[in-house]
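Hydrogens, waters and symmetry mates are skipped; everything else that's a heavy atom, side chains included, is used. Proteins come first, then strands; the chains are lettered A, B, ... in the order of their sequence lines, and each starts at number 1. All figures in this text were calculated on a predicted structure; none of them were measured in a lab.
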Amino acid sequence: MSETKPRKTYDPTALEHRWQERWAESSLYETDQGPAKPKHYALTMLPYPSGDLHVGHWYAMTPSDTRARFMRMNGYRVFFPIGFDAFGLPAENAAINRGIHPYKWTMSNIENMRGQLRQMGAMFDFDAEVVTCDPEYYRWNQWFFLKFFEKGIAYRDYAPVDWCPKDNTTLAREQVVGPDRRCERCGTPVIKKDLAQWLFRITDYAEELLDFSKIEWPERVETLQRNWIGRSEGAEISFDIEGYGPIEVFTTRPDTLFGATFFVMSPEHPAVEKITTPEQADEVQAYVEKANRMSEIDRTDVTREKTGVFTGAHAINPANGQRIPVYAADYVLMGYGTGAIMAVPGQDQRDWDFAAKYDLPIIRTVEPPDGFDGEAYTGEGPAINSEFLDGLGIEDAKKRMIEHLAEQGNGRAAVTYRLHDWLISRQRYWGTPIPIVYCDDCGTVPIPEEDLPVLLPEDAEFTPTGESPLKLDEDFRYTECPSCGGRAERETDTMDTFMDSSWYQYRYLSPHYDEGPFDPEVGERWLPVDQYTGGIEHAVMHLLYTRFFTKVMRDLGLVDFDEPMSRLFNQGIILGEDAEKMSKSRGNVVNPQEFVDRYGSDALRCFLMFIGPWDQGGPWDGRGIEGISRFLRRALSLVSEEGSSNAEADPAELNRRTNRTIKKVTEDLKGFRFNTALAALMEHTNYLLAVKEEVEDSEWAEALRTFARLLAPLAPHHAEELWAKLGEPHSVHEQRWPGWEESLIKTEEITLIVQVNGKLRDRLDAPADISEEAAKELALSSEKVGPHVEGREIRKSIYVPGRLVNIVVA
RNA sequence: GCCGGAGUGGCGGAAUGGUAGACGCGCCGGACUCAAAAUCCGGUGGCCGCAAGGCCGUGUGGGUUCGAGUCCCACCUCCGGUACCA
């Protein structure tokens, strides 16, 4: 009669709850603020509180957690905070669509997500949590704004917005509908209107932002930022418009000035109306209005035939006094350079197209090579038809022309950026109020620092009128001038939410500090961020803004470094099972909760890390998680009573494999290669299980202690369970990461690969230190090699020590 | 168009210029079971072969090398970013 043991059930969620409670009780993840250890500030991009944790959050956060845990076990004191990016449009839309107040909606989402985050079992320091819609937080947005204002970095200017001329209101981008851009509410064609808005002078920092020498960021992000900043070197040249005065153009090709046969201004150029002759006025006005109504997409469609209108005016080419016609055309953009260009159809395809259509003269000023029969020639060549430039190469000609223009006083070398100043005004409710009042007597007056925060009123009418909702709140809108005490009006726009995320990493340090955005003493201990992780989608906006912010903070004396985050790693995107982007409409959204309930957090996080290289992302595979779950259960079974062995245990082999695994996992975790670290641990587990009953107790326990520590960053709950079952004191996460001995990894026996002409012919067992001669002899004596070399001349043989022999035959 | 990144079994993927396909999923076979699930053991790139073994094989075509998934050149496809930027 065999004894029937009750089957041991594996219940990962119960196990995980148990450990999460124990961790909380023992304050295991309270941040070590002591100076004894080197610091490591690990930061994962803060989530937007949309309601539930998405599998994408798990994909972003749990590998970051693994890395933070790894650093902690490697002797660092680690700060790993989390918070919520709580202002923004979705909350306002929920309010509009469902009548829930944005605050209520946001806070209940946060409450929900906090629970889900805890379930993740990550080592987040929840005491450091930041919620950006909290006045305790946004107060400092306002404080920064005031500092920026004082320093001249924040300024107010007119910037184009969509405007409904019938309703007299600004429209958000999504309120402009249809291909002909009409107002969502009244159907009136929308126009662009310049509205006074607040901007930050990020362009003042353009040059410094192009310098990445102080950070280790992915090449990809640097390239994206570089392209975004879009530095162009060239010249500004002043053209005199007959009867009006000078208008500047920017060009990267001042050497082609002799080929400028017409002049083009953007329809939005403020001078267009002024230079237009009376005969052309109607036509020009019609064209400008039409251009205003066109969507960005249509406007910038390269395949569209170029259009334009003659203004009746003429410009004088400063190089040769030529009188050239001035056009307004929408292929010239107001947002780049000066909004006006000199058109050189001989060397620019766009100008060529325009010239061909409007029958304008074409002059080449760069000699194309023989046989060139294209249109505009954009390549290299000596200058022609250019008087004093003739014969010069492009670079010399540019230089010479700039000198010439400078002497004449109508041009100079200039650099232009694609980057624009950062427009932070939003005509929205759910954001940080801009701390400014407008007084009839005193003008633009900043709210005094000590009066911050300017609270966002609770009861605003936040239904979409296109106006800033705060404008409808009279109690908020009308106030006293802080300067003269007279009646004044508040700024009713709110701030872009990118403002919130530009400096949150500083607030985490001391979220309740009330004498500044962060406690400088704490900052001293933790700044800057050592390792930032997040999605590539933030490569240009958020990551550029936060760099900018830090540089301004440096210039304000708040920090003494130049870059906010020393190292950055971008994870990829987790896709649906169909390898498409997850979306509700596709019905391929994976709900992490389902998988947590069924397999546990460790299984979910390990599976996400196992799926492939973290920076690559990839499709979810619901069945694949079974394999991870099996692995975790097998790992636990290493300490269970039952078991059988089917392999011989060689203590040296056990040692060798353990050391090899330590090395592999260590290097992989260092390099964010979680997938191969897990593969190595699986392989090791399989080996350990195979030899389980054959290993002596003390050696076995040692091997398992090492294994538990290696597993700890990846599967924190299971590793803790394993550690406890080994009878070790709480907690595995406070243990030192194991080291390895290189000499123990080496084997005495190797598999010698034998190739003939580079083709694998045999694998032979050989001593690791086999000499070249012996190896070659051994190779030639192989039966499998014989037929391939017989009767052929051996030309040479290559020996790679400890690896292979390649015999080259004729 | 321009700038990135990537193309490897049925699938996700692994591979300091040196054994292609580690690890996992799936599948096939076996053990256990009355049976199934779970679990455990074995197998699993394709073609030829009873077997031993052989040939082919990392998007395509060339090249460098004793040896190429890996390096170089040209091209194709997919993904991402960006675009009348003067």
Who does [N] pair with, Watson-Crick or G-U, both distances under 3.5 Å?
{"N": "B/A31", "answer": "B/U39"}
{"N": "B/G26", "answer": "B/U44"}
{"N": "B/U58", "answer": "none"}
{"N": "B/U82", "answer": "B/G1"}
{"N": "B/A51", "answer": "none"}
{"N": "B/G17", "answer": "none"}
{"N": "B/U77", "answer": "B/A6"}
{"N": "B/A68", "answer": "none"}

Specify the glycosidic conformation (syn or anti) of B/G49, with syn defined as within 90° of 0.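 Chi for B/G49 falls in the anti range.
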Minimum-distance nucleotide to [X] side chain [options: [options]]:
{"X": "A/L804", "options": "B/C25, B/G18, B/A86", "result": "B/G18"}
{"X": "A/I341", "options": "B/G18, B/A83, B/A86", "result": "B/A86"}
{"X": "A/R220", "options": "B/C3, B/G4, B/A83", "result": "B/G4"}
{"X": "A/P613", "options": "B/C84, B/C66, B/G13", "result": "B/G13"}

May I have the distance from [X] (atom [atom1]) to [N] (atom [atom2]), rounded to whole angstrom?
{"X": "A/M682", "N": "B/A14", "atom1": "CE", "atom2": "P", "answer": "13 Å"}
{"X": "A/F631", "N": "B/C40", "atom1": "CZ", "atom2": "P", "answer": "13 Å"}
{"X": "A/R660", "N": "B/C23", "atom1": "CZ", "atom2": "P", "answer": "11 Å"}
{"X": "A/N686", "N": "B/U39", "atom1": "CG", "atom2": "C1'", "answer": "14 Å"}
{"X": "A/L575", "N": "B/C79", "atom1": "CG", "atom2": "C1'", "answer": "10 Å"}
{"X": "A/F607", "N": "B/G13", "atom1": "CZ", "atom2": "C1'", "answer": "11 Å"}
{"X": "A/L544", "N": "B/G81", "atom1": "CG", "atom2": "P", "answer": "18 Å"}
{"X": "A/Q225", "N": "B/G4", "atom1": "CD", "atom2": "P", "answer": "16 Å"}

Answer yes or no: is there an ion pair linking [X] with [Y], defined by an N-O contact shorter than 4.0 Å?
{"X": "A/E742", "Y": "A/K663", "value": "yes"}
{"X": "A/K670", "Y": "A/E667", "value": "no"}
{"X": "A/E748", "Y": "A/R656", "value": "no"}

Base, sugar-phosphate, or nothing for [X], non-hydrogen atoms under 4.0 angstrom?
{"X": "A/N806", "value": "base"}
{"X": "A/R623", "value": "sugar-phosphate"}
{"X": "A/I611", "value": "sugar-phosphate"}
{"X": "A/R795", "value": "nothing"}
{"X": "A/R761", "value": "sugar-phosphate"}
{"X": "A/D353", "value": "nothing"}
{"X": "A/R634", "value": "sugar-phosphate"}
{"X": "A/D351", "value": "nothing"}

Name the residue closer to the 5' end of RNA chain B, choosing between A/Q616 and A/E683 according to the nucleotide with the nearest heavy atom.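 On the 5' side of the pair lies A/Q616.
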Return the 5'-most residue of the pair A/L760, A/N227 with respect to RNA chain B, ranking by each residue's nearest nucleotide.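 Residue closer to the 5' terminus by nearest nucleotide: A/N227.
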So, OP1 or OP2 of [N]: does either fall under 4.0 Å of a side-chain N or O from [X]?
{"X": "A/K759", "N": "B/A20", "result": "no"}
{"X": "A/R231", "N": "B/C85", "result": "no"}
{"X": "A/R633", "N": "B/U39", "result": "yes"}
{"X": "A/S232", "N": "B/A86", "result": "yes"}

Record whether the side chain of A/R803 comes under 3.5 Å of the base of B/U16 through a donor-acceptor pair of N or O atoms.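 Indeed there is one.
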On the side chain of A/Q755, is there an atom forming a donor-acceptor pair with the base of B/G18 - under 3.5 Å, no angle test?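 Answer yes: a donor N or O sits under 3.5 Å from an acceptor.
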Does either side chain, that of A/T661 or that of A/Y687, offer a donor lying less than 3.5 Å from an acceptor on the other one?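 Not at all, the side chains of A/T661 and A/Y687 share no donor-acceptor pair under 3.5 Å.
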Considering non-hydrogen atoms only, spot the tightest contact between [X] and [Y] and give its length.
{"X": "A/P345", "Y": "A/A355", "result": "CB-CB, 3.8 Å"}
{"X": "A/A779", "Y": "A/I807", "result": "CB-CD1, 4.1 Å"}
{"X": "A/H269", "Y": "A/A340", "result": "CD2-CB, 4.1 Å"}

What about the rings of A/W614 and A/F569, do their centers lie closer together than 6.0 Å?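 A/W614 vs A/F569: aromatic centres under 6.0 Å.
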